[in-house]
Every structure is written in structure tokens, then in C-alpha cells.
Engineer: 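Okay, here's the structure, questions in a sec.
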Amino acid sequence: MGKFYVTTPIYYVNDVPHVGHAYSTIAADVLSRFYRSLDYDVFFLTGTDEHGQKVAKAAEERGLDVQKHVDEMVVPFKELWKRLEIDSGFIRTTEKRHEIVVQAIFEKLREKGDIYPGKYEGWYCIFEETFYPESQIEEGKCPECSREVKWVSEDSYFFKTSNYIPRLHKHIEENPDFIMPKSRRNEVLSYIESGVQDVSVSRTAIKWGVKVPGDEKHVVYVWFDALINYLSGIGYHPDKKKQDPNFKKFWPADVHIIGKDILKFHAVIWPAMLMALGEDLPKMIFAHGFLTVGGEKISKSRGKVIDPNELIDKYGADAYRYFFMSQFTFGLDGEYTEETMIKRINADLANDLGNLVHRTANMMKKYYEGNVPNPKYSQSDKEGLTRDIKIQINGIPNHLKRYLKVLDFSKSLAAIWHTISLLNKYIEDMAPWQLHKEERNDELAKVMYTLADGIRAVAQFIYPFMPQTAEKIWKQIGATGDLKRFPETKPDIKDLNDWVVLKPGSNFKIAEPLFPRIEE
RNA sequence: GGCAGUGUAGCUCAGUCUGGUUAGAGCACACGGCUCAUACCCGUGUUGUCAUUGGUUCAAAUCCAAUCACUGCCA
């Protein structure tokens, strides 16, 4: 089977984790679980970016040793990922395994002449850790954060980004899926067509960072340092003899999930670095949109930070995951309100999914003491509602493969929810309570089995999105197979009797509703 | 200032590339049905000058032009 390597950005530890961080990370986790369930060998990497001026300053303000400070700051991230059922590898840029690789890469590129010494002069914003051209500066203020900028002149190493731009341009043109969505791809194309300067990759004014080998008054620029995590996290080393076998197995990355704000670093500088190293480029860089509140970007300075922990406390991890994956188109901005979240939880999770499982459980108890009956599908089931259900379920795996290939999470969930609606409608149309009253036992057994097995399929479909709920359902319906093995599409449905997956006799229990309705 | 994108039902959006049956979905709302269920589910229905104006065409939400509003990237 194939391999799949997915990454999120590594998050800057100066922030407390917010919904934006969780958004990228959940998306990556869904992909990672999905491909695992298809039997791919999956590596999912997230982590934290812990170097840079801002971090050192924050530590100083707290009167703490910087390493100690970052050791503390990383904790809320790890805890949040645990709560959200994020199943990933984790890298910190202050780890030895990372720093060694950064230095080795720096050294290799310097020997190659791709990194050369020079002088950097310009307006610099300490907060953003970015230089800005004269034209963007108004009244000495940073165009991003409006803090004061300083004129800085310092020795610096430069990376010959410009060398690789023609090749990069060609690569982007020839690989339409390299930068997604398309609007971002156009942005990058027009940006590199306007001319790209070599980037400064070291600082002398900063101490907290990876030391430049052989020139220790320099520290490696945070972005150069940070991007390398995608390699160091899977055991890369420029010296092939020092590489971990994992690297060969997983590189190139199948998708880097990023926010649209860091597109240029990932779509221009990063590929240039990889070309300089002679490594393959990632297959896809997907820049998702921002979550907005009141139409504005969520930001600390505007006081619009939303703490994921609060929402998880109130609604649970799976409802959280479901809401953010279903509500927004991944490449576009999306407006967040808690009211919408409550609506979606009630309508989709409580009414549709939760109630489907619950009502089925009740009938199963009433008619069969909770033991899933053995169906006898007959000739007449070659058409009609039961077959419709089977066909619908049979189509889902391919839908999901197609949608998730382009990171369309909301369409994926919509397809699954369409199945859930059909199952609810199936109950209505077949009216098991009538069949029971009239003692049409064969028909009743067939309907109840179809429901139970339909729920089994739904549990497997939602597993990548809502692992806890899938587990709960799996247990509740008494399934014994592997929940985490994605059901494959059957090429042909000739005889429904060939399609008995959930074992008849399984004990389908009544349990607490999966998602209680939220009353406002 | 340059380039790009967006503007469709009360809300969130699909449809636009490759013009062509009465413009769709979900939510919300109204009515009806059902009763196994978490007052749930099922059915039916309402609402749209498809941003504006003009053009091309037998035919435009879809193509073209201009305008307005908002957004992004660059300067």
C-alpha cells in the first residue's frame, strides 16, 4: 500500500492555541486517519516553532530562562491536541534532532554557494520579525501590526532564492495541484513574476536561535529554521548516511496544510530550499482560509480569540471536530459564531445521527431483545428502498476518496450525512412498528438488519472525522470487526445476501444519546 | 496605483470554466403526516429583478464591457 505524509505548520509558542491552530490540525488529523483506514503508511507531523526574538523577549519579561519558558508554552498545545484526539508526531524546533539538521543544511548550502554573506539593511519590525520595504512603511509603523519599525543594518547570510525561481515557476505551471486552492496558486505565480529577492537567513541581533555553524555570532533566521521541521521531523540529514529510513519512506510530503498568511514562505522559499538541497518538492501545499468573527480575522489584538478548550468543555471534541470540518469550505474564509455551532450540533448530530442510532436501538430492544436479526433478502429487494440504501452506502467510499484528495471536508461530510438522512427516511418508509404489529417477521428482520448494518457503515465513514463517536457507536452496535479499516466499495451488488457485514446476533444496546440536544 | 477574486432564497453556500428543460441544497420558517425515537423523524410548501447597467445570442446566473461594494496579493 502507499504512504501518506501530511503536516501542519509548526505553531509559534508565543501564542496560546486558538481555533485557527486547531482548524489546521484537525484537518490534518482527518486526512491522516482517513489514509490510515485505507491502509496507507501514514506520518502526520505537527509541532512548535520556539525560536526567535519574540519568544526570548517574552521569557525575559517573565524572568525565566528561555528554554524553561518554551518548555512551559508548549504544554497547552500538547494538551489541546490530546483533547481533540489528534494522533500525530510532534516536533519542537529547540530539539537537538532538529537543530542538528538545520545546521547541517546551512553548512551544505553555504559550501554550495547557495548561502552567502552580505549585509541586510531595512525597516525591521521586531514583533513580526520581518523586514519591510521602504514603500510599505508609513510614519515609521509596521504595515502588519502598526508597531514601530527600526532601521536595521547588520551582517547577514543570504539564501539564493532567485536562482531557483525559474525552475519553481515552471513547476507551478506544470503541476496545477501543487499550490491549492487555485486562487492561491495565481497569487504565487504573480508574486514570483514580479521578481523575488534573495532572502536573509541569519540574524546577528538575536541570540535565541540555532547558531550558524562556524560563525556563531549569527543565528539562523526563524523561518529558515522552522521550515526545516518538515524534513527533520522524519529523520532527514543532508548526509545520506545519517538519514533515518523514515525519510526515504515518507518524503516528499503529500500535503503541507497551512494558513493563507504563510503561503509565500511555503510556496516560494521552501521549494527553493528543497531544490537547493536536491530533494523533491512536496506534492501539494494547501492554504486554507481564516476563521472570522464579525467578518474580521481572529486576532489577539482585536480581542477576538476563541479558546477551543471552552468549546470542547461545552460540546465535546467530536462535535468540535465535526462543526469546523463541515461548516466551512476549507480554502475559503468562514464566519464563526457559536450560535451556528449549536444549530449544527442539534440538527446534524443530535437529530440526524444521534437520534438515528437511538431509535434503532430502541426498536432492536423491543423486537429482538437487542440481538440483530439475520436478514433474508429476497428477490423483491433487487429493487426498492433496501437496495437504494445499499447503493448509497456503496458509493460513499469513492466519494470520500475523491473529496478528501482535494481536502474538501465539508462535501465529504455532506455525503455521509446524506446517507444518514436516507436511513432515517428508510425507517419512516418501512415503518418497522407496523411490520411488528402485523407480524411480518421476515420483512421486519430485513429492515432492522439493514438499519443496523447501515449504522455500522456510518460509524466507519465518520471515524476519521469523529473518532470518539465512531468508537461509541461501534461498541453500542456490538460490532466486532475493525472500525478503523475503511469499507471498500463493492464492485457489484447482485444479491444482497452477499452483503451481510455486521454479524447477525450482534448485541445492539441502548445507550445514552450520543449528542444531547443543546437547549438555548 | 497594478493584478486577482467575490457579489445567487432570511442565513451558509452549490451551479458560472464547457450558455439551453419551471435557478438548486442544507439551515430557518409554515402546514400536514407519523409515533420507534433525543418534542424526534418523514412529507409538502413559501421567499430569489442570480450586485447594477449595457452588449453578444434564437437562448445568459453562466460569455463580453462598464459601474458599485467587499476581499486578497503586490506596490
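Chain naming here is simple, since letters A, B, ... match the order of the sequence lines and numbering starts at 1 in each.
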Engineer: Mind checking who B/G1 pairs with, Watson-Crick or G-U wobble, both distances under 3.5 Å?
Structural biologist: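 Across any shown strand, B/G1 pairs with B/C74.
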
Engineer: Determine which nucleotide pairs with B/G7, using a 3.5 Å limit on both distances of a Watson-Crick or G-U wobble pair.
Structural biologist: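 Partner of B/G7: B/C68.
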
Engineer: Rounding to an integer number of Å, can you tell me how far A/N186 CG sits from B/C73 P?
Structural biologist: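 The answer, rounded to whole Å, is 14 Å.
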
Engineer: Counting the atoms with a prime plus P, OP1 and OP2 as sugar-phosphate, which does A/L263 contact under 4.0 Å by heavy atoms, base, sugar-phosphate, or nothing?
Structural biologist: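 Answer is nothing: A/L263 stays at 4.0 Å or more from every strand.
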
Engineer: In whole angstrom, what separates A/W433's CH2 from B/C42's C1'?
Structural biologist: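 The answer, rounded to whole Å, is 9 Å.
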
Engineer: Taking only the C1' atom of each, what is the distance from B/U57 to B/G45 in whole angstrom?
Structural biologist: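 Between the two C1' atoms, the distance is 36 Å.
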
Engineer: Any luck finding a side-chain donor-acceptor pair between A/N424 and A/D352 under 3.5 Å?
Structural biologist: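 No, no side-chain donor-acceptor pair sits under 3.5 Å.
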
Engineer: Evaluate whether atom NZ of A/K260 has more than 12 neighbouring non-hydrogen atoms of other residues, nucleotides or ligands under 6.0 angstrom away.
Structural biologist: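 It does: A/K260 NZ has more than 12 such atoms within range.
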
Engineer: Round to the nearest Å and state the distance from A/Y368 atom OH to B/C36 atom C1'.
Structural biologist: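 To the nearest whole Å, that distance equals 13 Å.
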
Engineer: Is a side-chain N or O of A/S156 found less than 3.5 angstrom from the main chain of A/E154, in a donor-acceptor match?
Structural biologist: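 No.
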
Engineer: Could you tell me whether A/N362 contacts a base, only the sugar-phosphate backbone, or nothing, with contacts defined as non-hydrogen atoms closer than 4.0 Å?
Structural biologist: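 Sugar-phosphate, no base atom in range.
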
Engineer: Between A/N374 and A/Y449, do the side chains contain an N or O donor and an N or O acceptor separated by less than 3.5 Å?
Structural biologist: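 Note: A/N374 and A/Y449 side chains miss the donor-acceptor criterion.
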
Engineer: What integer number of Å spans the C1' atoms of B/U44 and B/C63?
Structural biologist: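 After rounding to an integer number of Å, I get 38 Å for this pair.
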
Engineer: Find the distance A/E193:CD to B/C73:P and express it as a whole number of Å.
Structural biologist: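 Computing the A/E193:CD to B/C73:P distance gives 18 Å.
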
Engineer: When rounded to the nearest Å, what value does the distance between P atoms of B/U49 and B/U8 take?
Structural biologist: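 B/U49 and B/U8 have their P atoms separated by 10 Å.
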
Engineer: Given atom CD of A/E339 and atom C1' of B/G10, what is their separation to the nearest angstrom?
Structural biologist: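 Those two atoms, CD and C1', are 12 Å apart.
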
Engineer: Please name the nucleotide paired to B/C29 by Watson-Crick or G-U wobble geometry with both distances under 3.5 Å, or report none.
Structural biologist: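 B/G45 - that is the nucleotide pairing with B/C29, both distances being under 3.5 Å.
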
Engineer: Assess, by modelled atom type and distance only, whether the side chains of A/Y164 and A/H169 contain a donor and an acceptor separated by less than 3.5 Å.
Structural biologist: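 The criterion, which ignores hydrogens and geometry beyond distance, is not satisfied for A/H169 and A/Y164.
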
Engineer: Checking A/R321 side chain against A/L84 main chain: does a donor-acceptor pair fall under 3.5 Å?
Structural biologist: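 A pair under 3.5 Å: yes.
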
Engineer: A/S421 side chain: which of B/C34, B/C73, B/C42 is closest?
Structural biologist: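 Minimum distance to the A/S421 side chain belongs to B/C42.
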
Engineer: Tell me which nucleotide among B/C41, B/A37, B/C73 gets nearest to the side chain of A/K366.
Structural biologist: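 Nearest nucleotide to the side chain: B/A37.
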
Engineer: Would you mind reading off the distance between A/F508 atom CZ and B/A37 atom P, rounded to a whole angstrom?
Structural biologist: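 Result: 14 Å.
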
Engineer: Between A/N424 and A/K437, name the one whose nearest nucleotide on RNA chain B is closer to the 5' end.
Structural biologist: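 Of the two residues, A/K437 wins.
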
Engineer: Take atom P in B/U22 and the same atom in B/U35, then report the distance between them in whole Å.
Structural biologist: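 Pairwise P distance, B/U22 against B/U35, rounds to 40 Å.
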
Engineer: In whole angstrom, give me the gap between the C1' atoms of B/C58 and B/C13.
Structural biologist: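 Pairwise C1' distance, B/C58 against B/C13, rounds to 33 Å.
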
Engineer: Using Watson-Crick or G-U wobble geometry with both distances below 3.5 Å, tell me the partner of B/U35, or none.
Structural biologist: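 By the stated definition (distances under 3.5 Å), nothing pairs with B/U35.
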
Engineer: Answer with yes or no whether the side chains of A/T25 and A/T46 bring together a donor and an acceptor at under 3.5 Å.
Structural biologist: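 Side chains of A/T46 and A/T25: no pair found under 3.5 Å.
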
Engineer: Taking only nitrogen or oxygen atoms into account, show me every contact under 3.5 Å that the protein makes with nucleotides 24-33 of chain B, one pair per line with its distance.
Structural biologist:
unit_1	atom_1	unit_2	atom_2	d
B/G33	N2	A/E428	OE2	3.1

Engineer: Return yes if a side-chain donor-acceptor contact under 3.5 Å exists between A/Y315 and A/E338, otherwise no.
Structural biologist: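 A pair is found: one side chain offers a donor N or O, the other an acceptor, under 3.5 Å apart.
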
Engineer: For A/P432, report the nucleic acid contact type (base, sugar-phosphate, nothing); a contact means any heavy atom under 4.0 Å.
Structural biologist: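 Contact class for A/P432: none.
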
Engineer: Answer with yes or no whether the side chains of A/S24 and A/H288 bring together a donor and an acceptor at under 3.5 Å.
Structural biologist: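 A pair is found: one side chain offers a donor N or O, the other an acceptor, under 3.5 Å apart.
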
Engineer: Take atom C1' in B/U16 and the same atom in B/G24, then report the distance between them in whole Å.
Structural biologist: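 14 Å, rounded to whole Å.
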
Engineer: For B/C41, take OP1 and OP2 only and decide whether either is under 4.0 Å from a side-chain N or O of A/K425.
Structural biologist: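 No.
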
Engineer: May I have the distance from A/F409 (atom CZ) to B/C13 (atom P), rounded to whole angstrom?
Structural biologist: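 Atom CZ in A/F409 sits about 18 Å away from atom P in B/C13.
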
Engineer: Applying a 3.5 Å limit to both distances, which nucleotide forms a Watson-Crick or G-U wobble pair with B/U18?
Structural biologist: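 Partner of B/U18: none.
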
Engineer: Just the rounded figure in Å: distance from C1' of B/C73 to CZ of A/R185.
Structural biologist: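 Rounded to whole Å, this separation is 16 Å.
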
Engineer: Here's a test of your reading of the structure: between A/L349 and A/D429, which maps to the more 5' nucleotide of RNA chain B?
Structural biologist: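 Closest to the 5' end, via its nearest nucleotide, is A/L349.
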
Engineer: In whole angstrom, give me the gap between the C1' atoms of B/A28 and B/G10.
Structural biologist: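 B/A28 and B/G10 have their C1' atoms separated by 8 Å.
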
Engineer: Hey, are A/Y120 and A/S202 close enough side-chain-wise for a donor-acceptor pair under 3.5 Å?
Structural biologist: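 Note: A/S202 and A/Y120 side chains miss the donor-acceptor criterion.
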
Engineer: Look at all strands and tell whether A/F515 reaches a base, only sugar-phosphate, or nothing, counting heavy atoms closer than 4.0 Å.
Structural biologist: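 Result for A/F515 = base.
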
Engineer: Taking B/A51 as the reference, what is the distance to B/A9 when you measure between their C1' atoms (whole Å, please)?
Structural biologist: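 Straight-line distance between the two C1' atoms is 15 Å.
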
Engineer: In Watson-Crick or G-U wobble terms, both distances under 3.5 Å, what is the partner of B/C50?
Structural biologist: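 Pairing partner, where one exists within any strand: none, as none qualifies.
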
